[in-house]
Amino acid sequence: QLQASGGGLVQAGGSLRLSCSISGGTVNNYNMGWFRRASGRDREFLAAISWSGGRTNYGDPAKGRFTISRDNAKNVMYLQMNNLKREDTAIYYCVADGSTGTSATIQALGGKGYSFWGQGTLVTVSS
């Protein structure tokens, strides 16, 4: 089960770091990523990181402001979000997929093929 945390209320221009762990498992067995969904909008792909941490990819909403990382020794994945804007207000979901072969990893880095979704953590950015 994926567990995301770190959401909350922050002022525009501020930063937050989201964390994601897998209860009963170890993150190093999974390609992982982040999505978000704002009220009234479609789900957006934000970022993905390969199971080893060696490759990352970002969706347009995250480029230049968000950084995905993981610490397999601590069994956690992160999303560092800087210079937050009101339009970043959304529920943020961490995702994972246990297929770590080359083609599956490429797919995961492109924001596709995720089998496991967490319940999400709410990020609210105020002006």
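None of these values were measured; they are calculated from a predicted model.
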inquiry  = Once you measure the plane-to-plane angle for Tyr93 and Trp117, does it fall in the parallel (<30°), tilted (30-60°) or perpendicular (>60°) bin?
reply    =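 If you compare the ring of Tyr93 with that of Trp117, the planes turn out perpendicular.
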
message = Check this for me: does any side-chain nitrogen of one of Lys85 and Asp88 sit under 4.0 Å from a carboxylate oxygen of the other?
response =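 No, Lys85 and Asp88 are not salt-bridged.
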
Find the distance between [atom1] ([X]) and [atom2] ([Y]) and round it off to the nearest 0.5 Å.
{"X": "Ser15", "Y": "Phe66", "atom1": "OG", "atom2": "CZ", "value": "9.5 Å"}
{"X": "Arg70", "Y": "Leu79", "atom1": "CZ", "atom2": "CG", "value": "13.5 Å"}
{"X": "Lys74", "Y": "Ser21", "atom1": "NZ", "atom2": "OG", "value": "13.5 Å"}
{"X": "Ser52", "Y": "Asn31", "atom1": "OG", "atom2": "CG", "value": "8.5 Å"}
{"X": "Ser19", "Y": "Gln3", "atom1": "OG", "atom2": "CD", "value": "11.5 Å"}

Cluster overlap [X] with [Y], hydrophobic side-chain contacts below 4.5 Å:
{"X": "Leu109", "Y": "Val95", "value": "no"}
{"X": "Ile49", "Y": "Leu16", "value": "yes"}
{"X": "Tyr92", "Y": "Met32", "value": "yes"}
{"X": "Trp51", "Y": "Leu2", "value": "no"}
{"X": "Phe35", "Y": "Val27", "value": "no"}

*Check: Ser115/Asp97 side-chain N/O donor and acceptor closer than 3.5 Å*: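 Note: Ser115 and Asp97 side chains meet the donor-acceptor criterion.
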
query = Do you see a donor-acceptor pair shorter than 3.5 Å between the side chains of Arg55 and Asn57?
reply =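 Arg55 vs Asn57: no donor-acceptor pair found between side chains.
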
Is there a donor-acceptor pair under 3.5 Å between the side chain of Thr105 and the backbone N or O of Thr100?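 Looks like yes, one N/O pair under 3.5 Å.
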
Could you tell me whether the side chain of Asp60 and the main chain of Phe45 form a donor-acceptor pair under 3.5 Å?
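Absent.
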
Heavy atoms, side chains only, cut-off 4.5 Å: are [X] and [Y] in contact?
{"X": "Arg36", "Y": "Pro61", "result": "yes"}
{"X": "Leu9", "Y": "Ser126", "result": "yes"}
{"X": "Met81", "Y": "Val123", "result": "yes"}
{"X": "Tyr30", "Y": "Phe116", "result": "yes"}

- Should Thr67 and Tyr58 be marked as a side chain to side chain contact (heavy atoms under 4.5 Å, CB included) after you check the CA-CA gap, both sets of side-chain angles, and the distance that decides it? CA-CA 8 Å; Thr67 302; Tyr58 294 90; 3.7 Å; yes

If I compare all heavy atoms of Ala12 with all of Ser127, which pair ends up nearest, and what's the gap?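 Taking Ala12 first and Ser127 second, the nearest heavy atoms are CB-CA, 4.4 Å.
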
